[in-house]
Amino acid sequence: MENEYREREGVNPMDAVRGKAPREKYSTDIPVNEKPGKKSSKKTAAASEKTNAKTNTYTDKKADTKAKPVGSAKPKRQNLLIQVLNGEILTRDFVLNNLTFIFFILFLLMLMVAKGYYGKQLQKDITDLQADVDAQTAEYIENKACLEESTSRYRLVQALEKRGLKETVNPVKVIRLKRKDNE
């Protein structure tokens, strides 16, 4: 009898397994035989399913199957990029459970960026200081060359001739005194 009913209705029980069966529309309305605040028993739930099954006609099921494509039985998963842009990825359990770890990783990334900027600043400071050292070294060499030129033997002899001093011809003698250890 049940098989005859199914054949008459045109419902194949394997359609639900294959994903071809029409999806029932679920509503948030409270059934008539169920009162708010009380739990329904299994018997009343089974009775309400029977009444819902009787109200659906063959034409309604056929219209529903034609309206929906075969592959739409599964809810389509959104692209990860769309979830990031919508902010839905932040409400996932994985993200919420690992929030402290995510903040730690973000902190490490900020430290890495700051270290990069600090390294660039140090490199700029080193370059500027090296340029200053090179300028000071060049000035030192220039001043040393001027000093050597002005204190050369030839220039000193010319400068002292005006005062009447002459260069000695005899070599310089060194006088050494021997000191006693007691004194």
Side-chain angles (χ1 to χ4, degrees), residues 6 9-147:
R6 285 185 189 154
E9 290 291 321
V11 177
N12 185 356
M14 290 303 292
D15 286 345
V17 175
R18 293 182 188 128
K20 294 181 181 178
R23 296 184 113 192
E24 295 180 17
K25 295 181 180 177
Y26 299 104
S27 69
T28 58
D29 297 339
I30 300 171
V32 177
N33 55 1
E34 194 175 314
K35 294 181 182 177
K38 292 186 178 179
K39 293 184 179 179
S40 64
S41 66
K42 291 181 182 178
K43 292 179 182 178
T44 56
S48 65
E49 286 179 13
K50 285 182 181 178
T51 56
N52 287 340
K54 289 180 182 177
T55 57
N56 291 338
T57 61
Y58 174 69
T59 56
D60 290 341
K61 290 181 182 179
K62 190 173 183 181
D64 286 343
T65 56
K66 286 185 180 180
K68 293 183 181 180
V70 175
S72 69
K74 292 190 247 180
K76 213 172 192 183
R77 188 174 169 189
Q78 288 184 338
N79 191 3
L80 183 64
L81 179 65
I82 294 172
Q83 287 180 355
V84 169
L85 293 177
N86 288 344
E88 292 175 4
I89 198 164
L90 297 175
T91 60
R92 287 186 174 178
D93 289 338
F94 175 76
V95 175
L96 294 175
N97 291 339
N98 298 316
L99 206 54
T100 55
F101 181 69
I102 291 170
F103 284 139
F104 177 69
I105 295 295
L106 289 175
F107 175 71
L108 290 179
L109 288 174
M110 286 177 26
L111 280 179
M112 194 168 73
V113 169
K115 180 184 171 191
Y117 281 115
Y118 181 67
K120 284 183 181 181
Q121 183 65 36
L122 284 179
Q123 187 65 35
K124 182 182 173 200
D125 291 345
I126 289 171
T127 305
D128 292 344
L129 290 175
Q130 187 63 41
D132 288 344
V133 167
D134 291 343
Q136 294 291 332
T137 304
E139 187 178 343
Y140 167 73
I141 292 171
E142 184 181 343
N143 289 338
K144 186 177 178 183
C146 289
L147 180 66

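No hydrogens, no waters, no symmetry mates; every other heavy atom, side chains included, goes into these values.
Donor-acceptor pairing under 3.5 Å is recorded for the side chains of D134 and Q130.
With a 4.5 Å cut-off on side-chain heavy atoms, L80 and Q83 count as touching.
Take D125 and apply the side chain to side chain donor-acceptor pair (under 3.5 Å) test, not counting sequence neighbours, and it matches Q121.
Once rounded to the nearest 0.5 Å, the distance linking OG1 of T100 with CD1 of I102 reads 8.5 Å. Atom-to-atom distance recorded for L111:CG and L106:CG is 11.5 Å, nearest 0.5 angstrom. From D132, atom CG reaches atom OG1 of T127 across 11.0 Å, with rounding to the nearest 0.5 Å. The line from CG of L122 to CD1 of I126 is 6.0 Å long, rounded to the nearest 0.5 Å. Distance CD1/I141 to CD/Q136: 12.0 Å, rounded to 0.5 Å.
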* Go through the steps to decide whether M112 and L109 satisfy the test side chain to side chain contact (heavy atoms under 4.5 Å, CB included), and finish with yes or no. => CA-CA 5 Å; M112 194 168 73; L109 288 174; 4.1 Å; yes
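The two residues L96 and T91 make their nearest non-hydrogen contact at CD1-O, 3.8 Å.
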